[in-house]
Structures are given as C-alpha cells and as structure tokens.
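As structure tokens, the structure follows; a few thoughts come after it.
Convention: sequence-line order gives letters A, B, ...; per-chain numbering from 1. These figures come from a predicted structure and were not determined experimentally.
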There are 2 protein chains.
Amino acid sequence: MKADKNLLSGSTTLLVLSLLSTGDKYGYEMIAELDARSDHTFTLKEGTLYPILHGLEKEGAVKSYTKEADTGRTRKYYRITRKGLKALEEQKKEWVEFSEKVNAILAGCAPALA
Amino acid sequence: MKADKNLLSGSTTLLVLSLLSTGDKYGYEMIAELDARSDHTFTLKEGTLYPILHGLEKEGAVKSYTKEADTGRTRKYYRITRKGLKALEEQKKEWVEFSEKVNAILAGCAPALA
DNA sequence: TGACATACCTAGAACTCCGAGGTATATTAT
DNA sequence: ATAATATACCTCGGAGTTCTAGGTATGTCA
C-alpha cells in the first residue's frame with residue numbers, strides 16, 4: 001500500500017553503492033545515514049540491507065572487514081571495490097534515464113482534478 | 001539482472017493512470033503507447049498490464065467497457081474515474097518527492113571512477 | 001541488574017513483474 | 001482456400017525484492 005516502498009524497489013542497491021562511494025561504512029550506519037539524508041523517506045530495514053550487502057559482496061562490488069569501534073563494539077565495515085564503482089556509474093546512468101522518461105510521461109498527462 | 005526492470009517496479013500503476021488521464025484506452029494500446037513514448041524503455045508485458053488493470057478496476061480507479069472497433073474487433077476500453085484521478089495526483093507527488101531525494105543522495109556521492 | 005541502544009543475522013510471507021502458455025478474430029500472403 | 005501474422009484478451013507459476021518478525025550478542029545507563 002505504501003507507494004514509497006514500491007518506488008524504492010530497484011534503487012536500493014544504487015543508494016547503498018552511492019553511500020559507500022564516499023567512504024567505508026557499516027550496516028547500521030548506512031541505515032541511519034540514508035534515513036537522515038532522505039528526510040526519513042528511505043528507511044531501510046535491516047532485513048533488507050544485510051542480504052543486499054551480502055549479495056554485493058558475493059558479486060565483488062564490495063568487500064567487508066571487521067573493526068573494533070572506540071566503544072569496544074565490533075563492527076563489519078564495507079568498502080566499495082573498483083567493480084562496485086563501475087556498477088554504481090552504470091546504475092546511476094540508468095536511473096537518470098529512467099526518471100527522465102517517467103517525467104516525460106507524467107508531463108503529458110492531464111492536470112490536477114478540480 | 002536488468003536494472004530497468006527493477007526500477008520500473010512500483011511506478012507502473014502511476015504510468016498507467018497517467019496514460020488514462022488523457023483519454024480512454026484499451027490494454028494493447030497502452031502497451032504500444034508507453035513503449036513509443038518512452039523510447040522502448042517501458043515495454044510493459046501483457047502479463048503485467050492486464051492484472052494491473054483488473055486490480056485498478058477492483059479498487060474503483062478505472063472502469064471498463066467494451067466497444068467494437070472499425071475493424072470489427074472487440075476491444076475493452078478503460079476510463080479513469082475521479083477516484084483514479086485522485087490516486088494519480090497522489091502518486092505523482094510521491095514520485096516527484098522520491099526522485100528528488102534519490103538525486104540528492106546521488107549528488108552527494110563520489111564522481112566517476114578514473 | 002534490568003532496560004535500552006547498538007550491531008549483526010536469517011527464514012518466511014507478501015508483493016510485483018515476467019515468461020510462457022492459452023483463446024479468438026482480422027488481415028495479409030501464398 | 002489456407003497458412004501465417006498481427007491484434008486483443010486472459011491466467012498461472014516462477015523469480016526477484018522487501019518487510020515482518022524473530023534471534024543473538026554486547027555496551028551503556030539508570
């Protein structure tokens with residue numbers, strides 16, 4: 001029912017790669033950052049993000065390593081690889097094309113109802 | 001694997017309602033029109049469109065009627081209802097918000113790889 | 001010591017889309 | 001005439017994504 005949920009579909013990987021392109025991050029951090037930077041529009045659930053990260057690692061788009069935080073807590077960081085950067089560029093291009101075409105269709109539709 | 005396929009997800013209803021806001025259309029026609037107006041980016045399959053139309057009719061967003069074409073062939077036309085127009089406006093707003101936020105995230109990511 | 005936040009994970013349900021099939025009629029080519 | 005193609009509708013089952021709802025473990029704070 002939530003349209004946002006459906007719209008989100010397909011762009012999550014793009015968003016995750018985009019986040020990682022600015023520096024290594026761990027899962028929990030990505031969720032918080034996406035939520036904050038999107039004004040609570042993209043609130044990924046853990047059950048969504050972790051499988052995605054595992055998938056990205058399996059295809060070699062990211063690599064993980066564990067690191068101890070100042071707090072003593074162990075975190076699993078992800079770093080984007082060259083392959084991941086290339087995938088990011090491709091998906092970015094696809095997104096731009098896609099959104100422009102949706103906007104073109106919408107532009108041709110009738111104005112708001114009375 | 002096709003990213004376009006995933007991106008399409010969630011916006012199909014929006015696109016269909018948008019098409020119908022410019023006039024009554026039948027299924028086959030919508031597929032052709034979407035394909036043409038998007039430069040073959042949105043090539044809806046029949047197995048996708050027909051269930052969507054049936055769903056929209058069940059929620060009262062569209063109404064169908066059959067009409068004989070000049071060719072003698074019977075077609076099933078769909079007309080958008082007031083409820084459908086309202087849904088269109090809402091989904092349009094959601095789409096604009098969503099795409100702006102994706103662009104904002106992308107704008108904050110690293111530039112293209114060397 | 002108990003509650004909460006952090007931090008990771010998975011299995012199963014729900015939803016969307018497509019592939020692949022089916023039916024039927026009109027047009028076009030042979 | 002008849003075979004092939006295009007039009008036009010439909011449905012079922014599989015594949016892919018995301019969420020729900022759980023689980024585990026540790027650090028912090030009251």
Side-chain angles (χ1 to χ4, degrees), chain A residues 1-17 24-36 38 40-59 62 64-78 91 98 102, chain B residues 1-17 24-36 38 40-59 62 64-78 91 95 98:
Chain A
M1 296 311 154
K2 255 300 221 61
D4 285 349
K5 175 197 151 192
N6 295 333
L7 286 176
L8 192 55
S9 182
S11 46
T12 43
T13 300
L14 170 63
L15 291 172
V16 168
L17 287 177
D24 299 3
K25 292 182 173 55
Y26 59 97
Y28 220 70
E29 189 183 6
M30 297 184 217
I31 291 176
E33 193 173 330
L34 253 188
D35 183 63
S38 71
H40 314 296
T41 296
F42 308 142
T43 310
L44 280 195
K45 301 304 184 285
E46 299 179 37
T48 303
L49 180 62
Y50 289 120
I52 285 179
L53 289 174
H54 300 160
L56 284 174
E57 183 159 31
K58 201 148 72 176
E59 359 169 319
V62 302
S64 68
Y65 58 93
T66 52
K67 210 175 100 181
E68 190 111 356
D70 295 341
T71 61
R73 186 181 295 281
T74 298
R75 290 166 178 165
K76 193 169 175 185
Y77 282 83
Y78 288 87
Q91 288 183 29
F98 170 81
V102 169
Chain B
M1 294 312 156
K2 257 298 226 53
D4 285 350
K5 176 198 150 192
N6 295 332
L7 286 175
L8 191 56
S9 182
S11 45
T12 42
T13 300
L14 170 63
L15 292 172
V16 168
L17 287 177
D24 298 5
K25 291 181 174 58
Y26 59 97
Y28 221 70
E29 189 183 6
M30 296 184 218
I31 290 176
E33 193 174 329
L34 252 188
D35 183 62
S38 71
H40 314 295
T41 297
F42 308 142
T43 311
L44 278 194
K45 302 303 182 284
E46 299 178 38
T48 304
L49 179 63
Y50 289 119
I52 285 179
L53 288 173
H54 301 160
L56 285 174
E57 182 158 31
K58 201 148 72 174
E59 358 169 320
V62 302
S64 69
Y65 59 93
T66 52
K67 211 175 99 181
E68 190 111 356
D70 295 342
T71 63
R73 188 182 292 284
T74 299
R75 290 165 177 165
K76 193 169 175 186
Y77 282 85
Y78 288 88
Q91 289 183 28
W95 159 257
F98 170 82

Nearest-Å distance for atom pair NZ/C1', residues Lys45(A) and dA13(C): 16 Å
Whole-Å distance separating the CD1 atom of Ile31(B) from the P atom of dG19(C): 12 Å
Trace of the side chain to side chain contact (heavy atoms under 4.5 Å, CB included) decision for Val16(B) with Tyr78(B): CA-CA 10 Å; Val16(B) 168; Tyr78(B) 288 88; over 6 Å; no
Expected list for residues 68-75 of chain B: side-chain donor-acceptor pairs under 3.5 angstrom, two or more places apart:
residue	atom	partner	partner atom	Å
Thr71(B)	OG1	Arg73(B)	N	3.2
Arg75(B)	NE	Tyr26(B)	OH	3.4
Arg75(B)	NH2	Tyr26(B)	OH	3.3

Any residue meeting side-chain hydrogen bond (donor to acceptor under 3.5 Å, both in side chains) with Glu57(A), in chain and number order, not counting sequence neighbours: Ser64(A)
Glu68(B) CD to dT7(D) C1', straight-line distance once rounded to whole Å: 14 Å
Set of residues satisfying salt bridge (charged side-chain N to carboxylate O under 4.0 Å, His left out) with respect to Asp35(A), sequence neighbours excluded: none
Sugar-phosphate only, base, or nothing, as touched by Gly47(B) at under 4.0 Å among non-hydrogen atoms: base
Phe98(B) CZ - dT18(D) P separation (whole Å): 10 Å
With sequence neighbours excluded, residues passing salt bridge (charged side-chain N to carboxylate O under 4.0 Å, His left out) with Glu33(A): Lys25(A), Arg37(A)
Between P of dT10(C) and NZ of Lys58(A), the distance in whole Å: 10 Å
Nearest-angstrom distance from the residue atom CG of Leu44(B) to C1' of dC17(C): 9 Å
When you compare the protein's N or O atoms with those of nucleotides 5-8 of chain C, which come within less than 3.5 Å of each other, and at what distance?
residue	atom	partner	partner atom	Å
dT6(C)	O2	Arg73(A)	NH1	2.6
dT6(C)	O2	Arg73(A)	NH2	3.4
dA7(C)	OP1	Arg75(A)	NE	2.5
dA7(C)	OP1	Arg75(A)	NH2	2.4
dA7(C)	OP2	Tyr26(A)	OH	2.9
dC8(C)	OP1	Lys76(A)	N	3.0
dC8(C)	OP1	Lys76(A)	O	3.3
dC8(C)	OP2	Gly27(A)	N	3.4
dC8(C)	OP2	Tyr28(A)	N	2.7
dC8(C)	OP2	Tyr50(A)	OH	3.0
dC8(C)	O5'	Tyr50(A)	OH	3.4
dC8(C)	N4	Glu46(A)	OE1	2.6

Integer-rounded Å distance: dC9(C) P and Leu53(A) CG: 8 Å
Leu56(B) CG - dC17(C) P separation (whole Å): 11 Å
Sequence-distant partners of Glu59(A), side-chain hydrogen bond (donor to acceptor under 3.5 Å, both in side chains), two or more places apart: none
